[in-house]
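Scroll down for the structure; my scribbles are underneath it.
Owing to the predicted nature of the structure, the values given are computational and were not obtained by experimental measurement. In this chain, residues are counted from 1 in sequence order.
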Amino acid sequence: MSINEKQEEIISEFEFLEDWLDKYQQIIDKGMSGKGIEEKYKTDDYLIEGCQSKVWVFAEYKEGKVYYQGESNTDIAGGIVVMLVELLSGHTPEEILNTDLYFIDKIGLKEHLSPTRSNGMLAMIKQMKLYALTFQNRK
């Protein structure tokens, strides 16, 4: 499934939720359903700079594709990182770097997050793209 097909799935999951409390609950539920991150990666080396909460992201490169793990110590950030992990994992560095993450605007996430959470989400995306860039340059 392409990144855009995954984005469309996320958008369809949220489009029926009109109330933002329901949308926040959906984000929290996503975080609860995520695989998380292996304990050995819950170190400062994998901590995302710029997040108010603690968010860890680890990436590995296997057979030409990037696979992420991510987790947070808070519910909303945890849901966001899980959505990003599910969206971007299993794709080539090029696909990840060339993706426009339009689902963020389509579900209204950017305007309903506090400025600190919004900055944290952008920091997560930046770090995930940096991992992809690093793997792309290793070829």
Side-chain angles (χ1 to χ4, degrees):
M1 187 182 293
S2 74
I3 293 174
N4 285 350
E5 287 169 331
K6 290 179 185 177
Q7 289 193 88
E8 291 301 327
E9 268 189 5
I10 292 171
I11 292 165
S12 68
E13 286 174 21
F14 280 83
E15 70 187 351
F16 300 107
L17 305 171
E18 293 179 20
D19 185 282
W20 258 92
L21 288 177
D22 293 335
K23 290 186 182 193
Y24 284 132
Q25 189 58 53
Q26 178 74 7
I27 293 167
I28 291 167
D29 291 347
K30 284 248 180 231
M32 301 289 192
S33 72
K35 293 181 182 109
I37 191 168
E38 290 177 56
E39 211 52 45
K40 65 182 175 184
Y41 300 124
K42 278 189 176 180
T43 66
D44 289 349
D45 291 342
Y46 302 103
L47 207 53
I48 302 290
E49 296 283 329
C51 284
Q52 190 175 5
S53 343
K54 287 187 181 248
V55 178
W56 299 271
V57 173
F58 169 75
E60 57 189 329
Y61 189 59
K62 292 190 281 195
E63 298 172 11
K65 295 186 177 173
V66 183
Y67 295 90
Y68 296 97
Q69 294 178 36
E71 192 175 314
S72 175
N73 67 339
T74 63
D75 292 340
I76 301 285
I80 292 169
V81 77
V82 165
M83 282 195 288
L84 292 170
V85 163
E86 290 175 357
L87 196 62
L88 299 175
S89 282
H91 294 281
T92 66
E94 292 77 15
E95 288 173 307
I96 294 164
L97 292 168
N98 294 324
T99 287
D100 169 28
L101 296 174
Y102 61 84
F103 85 95
I104 294 166
D105 288 328
K106 290 265 186 166
I107 66 174
L109 196 54
K110 210 174 205 174
E111 68 229 30
H112 285 91
L113 290 179
S114 66
T116 53
R117 278 200 183 118
S118 191
N119 288 341
M121 179 179 63
L122 294 175
M124 290 177 217
I125 294 167
K126 180 181 175 187
Q127 183 59 51
M128 292 172 95
K129 287 196 172 204
L130 277 172
Y131 276 127
L133 186 63
T134 302
F135 294 136
Q136 181 184 44
N137 289 336
R138 275 199 208 158
K139 288 182 182 177

Do [X] and [Y] pair up side chain to side chain, a donor and an acceptor below 3.5 Å, judged on atom types alone?
X: Gln26; Y: Asp22; answer: no
X: Glu9; Y: Ser12; answer: no
X: Tyr46; Y: Glu71; answer: no
X: Asn4; Y: Gln7; answer: yes

Do other residues, nucleotides or ligands put more than 12 heavy atoms under 6.0 Å from [X] [atom1]?
X: Glu15; atom1: CD; result: yes
X: Lys23; atom1: NZ; result: yes
X: Glu60; atom1: CD; result: yes
X: Lys42; atom1: NZ; result: yes
X: Glu111; atom1: CD; result: yes
X: Asp19; atom1: CG; result: yes

Side-chain (Thr134) to main-chain (Leu130) donor-acceptor, under 3.5 angstrom: yes
N/O donor-acceptor pair under 3.5 Å between Glu5 side chain and Ser2 backbone: yes
Salt bridge (Lys or Arg N to Asp or Glu O under 4.0 Å) partners of Lys6, counting only residues at least two apart: none
Reference residue Ser53; test side chain to side chain donor-acceptor pair (under 3.5 Å); the match among Asn73, Thr74, Thr116: Thr74
State the [atom1]-[atom2] distance between [X] and [Y], to the nearest 0.5 angstrom.
X: Gln127; Y: Tyr68; atom1: CD; atom2: OH; result: 9.0 Å
X: Met128; Y: Leu88; atom1: CE; atom2: CG; result: 5.0 Å
X: Trp56; Y: Ile37; atom1: CH2; atom2: CD1; result: 8.0 Å

Residue pairs involving residues 117-129 (criterion salt bridge (Lys or Arg N to Asp or Glu O under 4.0 Å); sequence neighbours excluded): none
Counterpart residues, side-chain hydrogen bond (donor to acceptor under 3.5 Å, both in side chains), relative to Gln69 (two or more places apart): Glu38
